Amino acid sequence: MTSGNLSLILGAQWGDEGKGKLVDILSESFDIVARATGGANAGHSVYVNMDGETKKFVFHLIPSGILYEHVICVIGNGVVLHVETMLKELANLEEQNFNISGRVLISDRAALLFDYHKIIDGTQEDRKGDKKVGTTKRGIGPCYADKINRRGLRMCDLLNWDAFVEKYRANLAWHQSVYDFEYDAEAELEIMKSNRDRLLEMMVDGAAYLNGALDEGKKVLLEGANACLLDIDHGTYPYVTSSNPTVGGALTGTGMSAKHLGENIGIVKAYMTRVGAGPFPTELDNELGEQIREAGGEFGSTTGRPRRCGWFDVPLTRYSIMLNGFTNLNLTKLDVLDELDEIQIATSYKLNGEKIDRFPALLEELGQVEIEWETMPGWNQSLKDVTSWDDLPENAKKYVLRLEELLGCPMKYIGVGQRRDQLITRA
Ligand code: GDP
Ligand code: IMO
Ligand code: MG
């Protein structure tokens, strides 16, 4: 099961665990990097030393493997694609002299997301009042809803322009009948028309391309977007995104066959964060939470919103490991805990006084869980220059080993900073 050429990198918590950083690092030894789910709600940050300075890239739609010239990037059928956002990302890379020609391919079955989906996203949030999900307002839910309701547009619709325009107008009219908003359809159609040739050049049969490459022995890295606890089926519904960022979505969202599965890496932060509303059992809604937010720079890569912070949640992460079948983990941002005297771990949940080993589906239950805590001593020293496991302070090693024991999954990678070189790989 773990010998295939397809490796996965998936968010194991509530997102922003540091997926982009590992995707960028590992991409060097891959031929193809693919996205399967989500859209521009994702924000994947990569810090690279270039021309004598550290440069920051934030990718929303383009796979984070793009910085290596030999890597082909594929946007899979499961993605909801906002064309202008993608083109801006490409233009930004071109301005910085990256050769991207022929290196970004888009599945012919990928769903197209338009500006009106963003308007509807905002309106739906407003109408929910105090039950807001706290979405990124990137139009994700409304675009997936169109897909599920079988009235959405896909990349392949661009093949026939007249039919495309007809479908576009019908879809917009549908939404305008429900939400009653003004909209400049002609301007958006013009953008699609003027970029049509370029988009058609990028279009491929994604599943055939990826499976063909894997059959030829090429190595493919799947870049998860969003995360397990935001999964529409398995997450903290309704405070979730509208796709399946778990392992099944990686396959469905690209069409890659399960026979190719190899390493499956779960990304876990050394503490927990969440952007947007919804339950968060280990949240530190206090000064300590703010201290961690500042130390970790916990502000959204997509929306700039402050991220809620809390202690590492073992039951939640075990749930994620069960669902995804991770072969190993990347513990990220261990350095953010450098200055804490003590670190807490939520080891288990109790409900009505009884220990439970399931992750509650019902939010009211999740809101009532009592947590059993374990306290670990901090290490009070900077980890940012540590490059090997042996050089980690004893208390940092103890924290990692305790988490590993509680989770029952090996921690192969440990992040100690934002840059490529700030990653410890254990043998
Ligand atoms: P993603 O959405 O999972 O790719 O994560 P984001 O890019 O949204 O947020 C993770 C943030 O943490 C980014 O600013 C990363 O540069 C940063 N980061 C990743 N790994 C580490 C680490 O080990 N240490 C520190 N200090 N920052 C990290
Ligand atoms: P990456 O890939 C963190 C959250 C939003 C909101 C909920 C629904 O960078 O880890 P949506 O716009 O998807 O309808 O919002 O999901 N969310 C994320 N939070 N990181 C992400 O992506 C997220 N993608 C969606 O904040 O709570
Ligand atoms: Mg992010």
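Treat the numbers as computed from the prediction; the structure is a model and nothing was measured. Both backbone and side-chain heavy atoms feed into the values below; hydrogens, waters and symmetry mates do not. Along the sequence shown, residues are numbered consecutively beginning with 1.
Applying the salt bridge (Lys or Arg N to Asp or Glu O under 4.0 Å) test between Asp157 and each of Arg151, Lys167, Arg109 identifies Lys167 as the sole match. Thr246 pairs with exactly one of Asn324, Asp233, Asp231 by the side-chain hydrogen bond (donor to acceptor under 3.5 Å, both in side chains) rule, that one being Asp231.
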query = Does the side-chain contact (heavy atoms from CB on, under 4.5 Å) test come out yes or no for Glu294 and Phe299, once each step is laid out?
reply = CA-CA 9 Å; Glu294 287 304 320; Phe299 297 89; 3.7 Å; yes

request  = Mind running side-chain contact (heavy atoms from CB on, under 4.5 Å) on Leu67 and Val48 for me, showing each step along the way?
outcome  = CA-CA 9 Å; Leu67 301 180; Val48 188; 3.6 Å; yes

query = Can Glu372 and Lys350 be said to form a salt bridge (Lys or Arg N to Asp or Glu O under 4.0 Å), step by step?
reply = CA-CA 7 Å; Glu372 295 202 305; Lys350 272 182 164 178; 3.8 Å; yes

key: Steps toward side-chain contact (heavy atoms from CB on, under 4.5 Å) verdict (Val220, Asp31)   = CA-CA 6 Å; Val220 179; Asp31 301 295; over 6 Å; no

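You'll find the side chain of Val23 reaches within 4.5 Å of the side chain of Val33, heavy atoms only. Side-chain contact between Cys73 and Leu105 is absent, with no heavy atoms from C-beta onward closer than 4.5 Å. In this structure the side chain of Trp379 reaches within 4.5 angstrom of the side chain of Leu337, judged on heavy atoms. In this structure, the side chains of Leu351 and Tyr349 stay at 4.5 Å or more apart for every pair of heavy atoms. Residues Tyr116 and Tyr168 form a side-chain contact, since some pair of their non-hydrogen atoms from C-beta on lies under 4.5 Å apart.
Residues satisfying the ring pair (Phe, Tyr, Trp, His ring centres under 6.0 Å) test with Tyr319, not counting sequence neighbours, are Phe359. The side-chain contact (heavy atoms from CB on, under 4.5 Å) test applied to Asn41 returns Thr136, Ile140, Asn226, Thr241, not counting sequence neighbours. Applying the side-chain hydrogen bond (donor to acceptor under 3.5 Å, both in side chains) criterion to Tyr271, with sequence neighbours excluded, gives Glu298. Under the rule for a side-chain contact (heavy atoms from CB on, under 4.5 Å), the partners of Thr332 that lie at least two apart in sequence or sit in another chain are Ile267, Lys269, Asn330. With sequence neighbours excluded, the residues that form a side-chain contact (heavy atoms from CB on, under 4.5 Å) with Ile119 are Thr123, Phe181, Tyr183.
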Atom pairs and distances, donor-acceptor, side-chain atoms in residues 420-427, under 3.5 Å, two or more places apart:
from, atom 1, to, atom 2, distance (Å)
Arg420, NE, Asp24, OD2, 2.6
Arg420, NH2, Asp24, OD1, 2.8
Arg420, NH2, Asp24, OD2, 3.4
Asp421, OD1, Arg419, NE, 2.9
Asp421, OD2, Arg419, NH2, 2.8
Gln422, OE1, Gln418, N, 3.0
Gln422, OE1, Arg419, N, 3.0
Gln422, NE2, Lys384, O, 3.2
Arg426, NH1, Glu404, OE2, 2.9
Arg426, NH1, Met411, O, 3.0

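The distance from atom OG1 of Thr135 to atom CD of Gln124, rounded to the nearest 0.5 Å, is 8.5 Å. For the atom pair SG (Cys143) and CZ (Arg138), the distance works out to 14.5 Å, reported to the nearest 0.5 Å. Distance CD1/Ile62 to CD1/Ile106: 7.5 Å, rounded to 0.5 Å.
Geometrically, Lys56 does not engage Tyr47 in a cation-pi contact, judged by NZ or CZ lying under 6.0 Å from the ring centre and within 45° of the ring axis.
His44 has its ring centre no less than 6.0 Å from the ring centre of Phe59.
Leu222 and Leu6 get closest at one heavy-atom pair: CB-CD1, 4.2 Å.
Checked by atom type and distance alone, the side chain of Glu17 pairs as donor or acceptor with a backbone atom of Gly15 at under 3.5 Å.
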